[in-house]
**Student:** 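Pasting a structure here, questions to come.
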Protein chains: 2
Amino acid sequence: MQSILENIAKHVALTQQEQELFLSKTETKPFKAKTILLSSGEIATCTYFVNSGILRSFNINDNIIEHVLHFACEGWWIGDMYSYISGKPGNLFLEVLEDAEVVIITKENQQQLYQEIPKLERFFRILAENSLVSHQERLMDNLSLTAEERFEKFCSKYPTLIQKVPQKHIASYIGVTPEFFSKMKARLLKKN
Amino acid sequence: MQSILENIAKHVALTQQEQELFLSKTETKPFKAKTILLSSGEIATCTYFVNSGILRSFNINDNIIEHVLHFACEGWWIGDMYSYISGKPGNLFLEVLEDAEVVIITKENQQQLYQEIPKLERFFRILAENSLVSHQERLMDNLSLTAEERFEKFCSKYPTLIQKVPQKHIASYIGVTPEFFSKMKARLLKKN
DNA sequence: AACACTTCTTAATCTAGGTTAAGTGCTCTT
DNA sequence: AAGAGCACTTAACCTAGATTAAGAAGTGTT
């Protein structure tokens, strides 16, 4: 299991004291599968780091159709960035897909941490930049690749998720209906 | 015209000295329309802020089809974030669409600025977070809205661009072919 | 053990948007 | 002023993926 301190150490070096201060501003909690940590319409007051288990963020549009924005498993950050930074009600749900242990940082605590450990500005800057890059890539993929190519990319990028996550969620992530996903998968199995 | 210092002042307060230091690490240049500031395969060594004019970033896939990632006009930042932060060759082109004046910051200078003015870590963190949010929204829009809805959203979000940018680029941005875009536009005109 | 509930599959039918191709007007060269 | 080259349009035809509907198989609850 990768700890949150190791995750931070990838980009900035905290002293022993800073590490303790950081941890003192976080809370670690277990959650059962199917728990909803955040609902559409609520204001996101926390950021989440996954110690173990799997979470997903998604929205629901007019047609009552879910769209998966993100999966997060061990060592990933997740939340509703829009609501978190704007302070306005968001439109994302945050759900536990597989029993999880999650590190929670409230916005207040994060603001205090920025004051007390300025290095964390750098850490979260780098985190946001990396996330931005992967969103840009996914956006371009959605514009230029077929569903089949997006699925293959997903497989090579997140091999562990394929076994663990219901395939309707993967269909949603790559942007097709579960029915079409099923058909496509059958086609791929025949081909190879 | 919004200056780069005003842009920074939106999120962090720099002293007079810091402002001067910052400007000393930038270079402001005019570019003619059609200039390519960055090509696919090159390593992005700079970040760009647009004083005036319009730029676009796009990639070209196997089929020789362009996909617009971004437009940037007065007061916007643009670049190839992937290549810039990874130091690897990127796959974006950066092109001037309308004669422009651009502020250029090299990666080296940006790194030095982070050392000398730690507040800038915060500024660029906030910039990255905001950009992340708008990419997430665009991603969800591409998954859940029709081409027509995406076009309407584009119009209300970037009203000035519609007059100034060739419509084939707007078609590409919202993710349809120029032919379909033309058809859709005619349909909308009839309707309203 | 039986029930409800959810996930996944299959298949027929439909449609948003793509492709191909031809034509119209621009603007920019020379 | 004649041509070359873009940007845009129109229209016929095509397809990736959606929709609808039904059934199969698994999973958890009582």
Side-chain angles (χ1 to χ4, degrees), chain A residues 32-36 54 56 58 60-68 71 93 95-99 141-155 161-191, chain B residues 32-36 54 56 58 60-68 71 95-99 140-155 161-191:
Chain A
K32 284 281 171 206
K34 296 186 185 174
T35 310
I36 301 287
I54 304 177
R56 73 189 255 250
F58 64 100
I60 297 184
N61 74 359
D62 315 332
N63 315 317
I64 318 169
I65 293 175
E66 291 180 13
H67 290 281
V68 174
F71 296 109
F93 293 83
E95 183 198 28
V96 179
L97 288 182
E98 203 179 69
D99 292 2
D141 286 351
N142 281 340
L143 292 178
S144 62
L145 303 183
T146 63
E148 213 167 297
E149 291 168 326
R150 274 176 273 144
F151 176 47
E152 275 162 4
K153 204 157 176 180
F154 183 90
C155 291
L161 280 178
I162 300 155
Q163 281 86 2
K164 294 186 177 174
V165 172
Q167 67 171 260
K168 62 173 183 168
H169 294 330
I170 296 174
S172 170
Y173 183 93
I174 69 170
V176 297
T177 60
E179 295 85 354
F180 181 76
F181 188 89
S182 181
K183 185 160 76 174
M184 182 175 77
K185 217 183 57 174
R187 200 168 57 208
L188 283 172
L189 282 174
K190 252 181 229 164
K191 223 200 291 182
Chain B
K32 282 282 168 203
K34 298 189 186 173
T35 309
I36 301 288
I54 304 177
R56 72 190 255 247
F58 64 99
I60 298 184
N61 75 359
D62 314 334
N63 315 319
I64 318 171
I65 293 174
E66 290 181 15
H67 289 281
V68 173
F71 296 108
E95 184 198 28
V96 180
L97 288 181
E98 203 178 65
D99 291 2
M140 295 311 252
D141 286 350
N142 281 340
L143 292 178
S144 62
L145 303 183
T146 64
E148 212 166 298
E149 291 167 327
R150 276 176 272 142
F151 176 48
E152 273 161 5
K153 205 157 177 181
F154 183 90
C155 290
L161 281 179
I162 300 155
Q163 281 86 0
K164 293 186 178 176
V165 172
Q167 69 170 256
K168 61 172 183 167
H169 294 328
I170 296 174
S172 170
Y173 183 94
I174 70 171
V176 297
T177 59
E179 294 86 354
F180 181 76
F181 188 89
S182 182
K183 185 160 73 177
M184 183 177 77
K185 216 183 59 174
R187 200 168 57 209
L188 283 173
L189 281 175
K190 252 180 231 162
K191 224 199 289 180

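Residue numbers start from 1 in every chain, and the chains themselves are labelled A, B, ... in the order their sequence lines are given, proteins ahead of strands. Just so it is clear, the values below take in all heavy atoms, side chains as well, and ignore hydrogens, waters and symmetry mates.
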**Student:** To the nearest 0.5 Å, how far apart are CG in Leu143(A) and OG in Ser172(B)?
**Tutor:**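 Those atoms lie 7.0 Å apart.
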
**Student:** Is the closest side-chain heavy-atom distance between Ile170(B) and Lys185(B) below 4.5 Å?
**Tutor:**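 Ile170(B) vs Lys185(B): side chains apart.
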
**Student:** Grab the CD-C1' distance between Glu98(B) and dA7(D) for me, whole Å please.
**Tutor:**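 To the nearest whole Å, that distance equals 16 Å.
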
**Student:** Return the value, rounded to whole Å, for the distance between atom CG of Leu97(A) and atom C1' of dT7(C).
**Tutor:**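 It is 14 Å, rounded to the nearest whole Å.
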
**Student:** What is the distance from CD of Glu66(A) to P of dT6(C), rounded to the nearest Å?
**Tutor:**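 Nearest whole value for this atom pair: 12 Å.
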
**Student:** If you take all heavy atoms of Ala33(A) and Leu97(A), which pair is closest and at what distance?
**Tutor:**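 Closest pair (atom of Ala33(A), atom of Leu97(A), distance): CB-O, 3.7 Å.
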
**Student:** Quick one: what's the B/S/- string for nucleotides 25-30 of chain D, heavy-atom cutoff under 4.0 Å, read 5' to 3'?
**Tutor:** ------

**Student:** Show the nearest heavy-atom pair for residues His67(A) and Met140(B), with the distance to one decimal.
**Tutor:**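 His67(A) and Met140(B) have their closest heavy atoms at O-CE, 3.1 Å.
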
**Student:** Let me have a per-nucleotide readout for nucleotides 13-30 of chain C, 5' to 3', with B, S or -, counting only protein heavy atoms under 4.0 Å.
**Tutor:** ----BBBBB---------

**Student:** Could you check how far NZ of Lys168(A) sits from C1' of dA18(D), rounded to whole Å?
**Tutor:**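 Spelled out: NZ on Lys168(A) to C1' on dA18(D) is 18 Å.
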
**Student:** Could you check if a side-chain atom of Lys153(A) sits within less than 4.5 angstrom of a side-chain atom of Arg150(A), using non-hydrogen atoms only?
**Tutor:**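 With C-beta onward as the side chain, the pair stays apart.
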
**Student:** Would you call the rings of Phe181(B) and Phe151(B) parallel, tilted or perpendicular, taking 30° and 60° as the class edges?
**Tutor:**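 Perpendicular.
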
**Student:** Rounded to the nearest 0.5 Å, what separation is found between the CZ atom of Phe93(A) and the CD1 atom of Ile36(A)?
**Tutor:**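 The CZ atom of Phe93(A) sits 7.0 Å away from the CD1 atom of Ile36(A).
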
**Student:** Just report the end-to-end axis angle for the helix from dA1(C)-dT30(D) to dT30(C)-dA1(D), five pairs per end, to 10 degrees.
**Tutor:**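 Comparing the axis at each end, I get an angle of 40°.
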
**Student:** Please tell me if the side chains of Ile174(A) and Met184(A) come closer than 4.5 Å, counting only heavy atoms from C-beta onward.
**Tutor:**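 Ile174(A) reaches Met184(A) side chain to side chain.
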
**Student:** Rounded off to whole Å, could you give me the CG-to-P distance for the Asn142(B) and dA18(D) pair?
**Tutor:**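 Taking CG of Asn142(B) and P of dA18(D), I get 14 Å after rounding.
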
**Student:** Any donor and acceptor pair, going by atom type alone, linking the side chain of Thr35(A) with main-chain N or O of Val96(A) inside 3.5 Å?
**Tutor:**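 Side chain of Thr35(A) to backbone of Val96(A): no pair is present.
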
**Student:** Please determine which of Val68(B), Leu161(B), Val165(B) meets the side-chain contact (heavy atoms from CB on, under 4.5 Å) test together with Arg56(B).
**Tutor:**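 The passing option is Val68(B).
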
**Student:** Is there a donor-acceptor pair under 3.5 Å between the side chain of Asp99(A) and the backbone N or O of Lys32(A)?
**Tutor:**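 It does not hold such a pair.
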
